[in-house]
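Working notes, beginning with the structure itself.
Just so it is clear, the model here is predicted, and its values are computed rather than measured. Whatever order the structure lists them in is the order used to number ligands and atoms, beginning at 1.
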Amino acid sequence: MADLAQSDSATLEQQPDSKEPIVVVDNVSIIFDVKPVLQNVSFTVQRGETRIILGPAGGGKSVLLKLINGLLKPDTGSIRVFGEDVSTMRETELFKLRSRIGMVFQESALFDSISVGDNVSYRLHEDHLPEEETHARVVEALRFVELENTIEKFPSELSGGMRRRVSIARAIITNPDLILYDSPTGGLDPITSTTIIDLVIKQRDVTHTTSLVITHRIQDAYLLARSRFNTETGKVEQIPNNGIDDSTKFLVLNEGKVVFDGTTEELVHSTDPWLKEYLS
Ligand SMILES: Nc1ncnc2c1ncn2[C@@H]1O[C@H](COP(=O)(O)OP(=O)(O)OP(=O)(O)O)[C@@H](O)[C@H]1O
Ligand SMILES: [Mg+2]
């Protein structure tokens, strides 16, 4: 009987060793007013994969992430996350789904009136953890992004790069099964961008969490594909012998359509004229 009662949540909480993909976007289209923003978009993200989403501004990248965490509904097509159809979920199911997803928004989206520590911990409140445990988790998440000394500060006292790191700490504090990074380096200088990409690499290589990473910067994308986190030195380094990370794949969107879906190797060897021009 207990099994029956739990069967609903058991399907939502896909088994950890399941071979089922984490995200399946199938023939999705969405129109705003009269403008088709995504047109027949299909792709799959496997467990443990880091999927880089590249493409010109306005191509529908952010809309795609909002569809995946159920903030928007497609006009046609379906989106499955952890094996469940997001486009038909009710609010309560969406709430449960989002508790398993860490989201880093395009503009950090921190609450200015509360401290860094409270910004990072707020998603834990619904878990009703003892205060000491919440505090320990906040310190751990901030330590991961090397900002544990900012716990008492307010977002306005931090630089743009630091705010972005706080929003990464907030996304990972729940140990999510999927992380959605929307342009985590947008608006940052190249050196600060590299420190953010290093964190994405560290998260990828330490926890192997399935991730989608939007970026405009092709350098960031290649850095992600060609680097690894060395647990002995605690630093990110280039993969030797021009190696590439096998878990990192690409999706290129242009004007709402998928123009590329494949590995780093396939991307750099693509003969598609538009893609070659875009990547050059
Ligand atoms: N809620 C909305 N209502 C109407 N139009 C929208 C909405 N959200 C997005 N759009 C439109 O959809 C298109 C794609 O937007 P989106 O934000 O996904 O682009 P993007 O690829 O993330 O761009 P950028 O690289 O600048 O972040 C744009 O033309 C945008 O104006
Ligand atoms: Mg965007």
Side-chain angles (χ1 to χ4, degrees), residues 23-45 50-79 81 86-87 89 91 94 97-98 101-110 160-161 163-168 170-171 178-190 192-194 196-197 199-200 211-225 248-262 267 270 272 274-275 277-280:
V23 179
V24 182
V25 174
D26 184 18
N27 213 14
V28 161
S29 299
I30 186 166
I31 297 175
F32 286 115
D33 306 321
V34 290
K35 189 181 180 319
V37 166
L38 292 176
Q39 296 181 64
N40 307 107
V41 170
S42 297
F43 70 104
T44 297
V45 182
T50 292
R51 179 62 80 125
I52 300 173
I53 304 176
L54 274 176
K61 303 181 298 296
S62 294
V63 165
L64 185 59
L65 290 201
K66 286 177 189 155
L67 286 162
I68 290 170
N69 72 6
L71 290 168
L72 290 172
K73 301 258 183 232
D75 291 317
T76 55
S78 74
I79 297 155
V81 179
V86 177
S87 30
M89 275 184 192
E91 256 329 293
L94 282 172
L97 171 92
R98 290 190 197 117
I101 300 178
M103 176 90 199
V104 178
F105 289 94
Q106 192 154 2
E107 303 299 338
S108 301
L110 300 178
R163 281 201 294 275
R164 216 54 71 81
R165 280 151 66 191
V166 172
S167 74
I168 293 176
R170 181 176 64 179
L178 173 65
I179 308 177
L180 308 176
Y181 297 94
D182 193 347
S183 310
T185 63
L188 301 177
D189 62 76
T192 312
S193 292
T194 303
I196 299 295
I197 293 298
L199 285 178
V200 178
S211 306
L212 276 76
V213 188
I214 295 181
T215 181
H216 304 262
R217 289 168 43 94
I218 291 155
Q219 311 92 293
D220 290 352
Y222 286 146
L223 196 61
L224 259 162
T248 300
K249 293 202 170 136
F250 285 84
L251 186 82
V252 185
L253 279 181
N254 184 33
E255 295 181 352
K257 293 191 182 129
V258 173
V259 289
F260 177 84
D261 174 3
L267 182 74
S270 166
D272 179 275
W274 183 88
L275 207 51
E277 171 77 27
Y278 176 68
L279 296 174
S280 64

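Put simply, the side chain of Arg51 never gets that close to the backbone of Val45: no donor and acceptor are under 3.5 Å apart. Between the Ser270 side chain and the Asp272 main chain, a donor and an acceptor come within less than 3.5 Å of each other. Put simply, the side chain of Tyr278 gets close to the backbone of Gly55: a donor and an acceptor are under 3.5 Å apart.
Residues Pro74 and Val28 approach most closely at CB-CG1, 3.8 Å, considering heavy atoms. The two atoms that bring Gly160 and Leu188 nearest to each other are C-CD2, 3.7 Å, heavy atoms only.
Set against the non-hydrogen atoms of His216, the atoms of ligand 1 under 4.0 Å away are 24 (P), 25 (O). Annotation for ligand 1: atoms under 4.0 Å from non-hydrogen atoms of Ala57 are 23 (O), 24 (P), 25 (O), 26 (O).
Protein heavy atom closest to atom 1 (N) of ligand 1, with residue, atom name and distance, is Phe32 CE2, 3.9 Å. Nearest protein heavy-atom contact of atom 27 (O) of ligand 1 is Gln106 NE2, 2.9 Å. Among protein heavy atoms, atom 17 (O) of ligand 1 sits closest to Ser62 CB, 3.6 Å. Counting only heavy atoms of the protein, atom 14 (C) of ligand 1 lies nearest to Gly58 O, 3.4 Å.
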task = Check the pair Met103 / Asp182 against side chain to side chain contact (heavy atoms under 4.5 Å, CB included), numbers first and verdict last.
result = CA-CA 8 Å; Met103 176 90 199; Asp182 193 347; 4.2 Å; yes
inquiry  = Is there a side chain to side chain contact (heavy atoms under 4.5 Å, CB included) between Thr248 and Ile52? Walk through the geometry before answering.
reply    = CA-CA 7 Å; Thr248 300; Ile52 300 173; 3.5 Å; yes
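Distance remark: protein heavy atom present below 4.0 angstrom from atom 19 (O) of ligand 1. Distance screen at 4.0 Å: atom 30 (C) of ligand 1 has no protein heavy-atom neighbour inside the cut-off.
Tested against Thr185, the residues Thr194, Thr192, Asp220 include a single side-chain hydrogen bond (donor to acceptor under 3.5 Å, both in side chains) partner, Asp220.
At least one heavy atom of Gly59 sits less than 4.0 Å from an atom of ligand 1. Residue contact check for ligand 1: Lys66 places no non-hydrogen atom closer than 4.0 Å to it.
For the 3.5 Å distance criterion, the side chains of Ser29 and Asp75 fail to qualify, holding no donor opposite an acceptor. In summary, the side chains of Asn27 and Ser42 do not present any donor paired with an acceptor at a separation below 3.5 Å, with no hydrogens or angles considered.
Taking any N or O of Gly55, backbone or side chain, none lies under 3.5 Å from an N or O belonging to ligand 1. Considering backbone and side-chain atoms alike, Asp33 places every N or O at 3.5 Å or more from each N or O of ligand 1. Among the atoms of Lys61, some N or O lies under 3.5 angstrom from an N or O of ligand 1. Ligand 1 has an N or O atom lying under 3.5 Å from an N or O atom of Val63, backbone or side chain.
For Ser62, the nearest N, O or S atom to the Mg ion (ligand 2) falls under 2.8 Å.
The option with the heavy atom closest to atom 13 (C) of ligand 1, from among Leu72, Asp182, Val37, is Val37.
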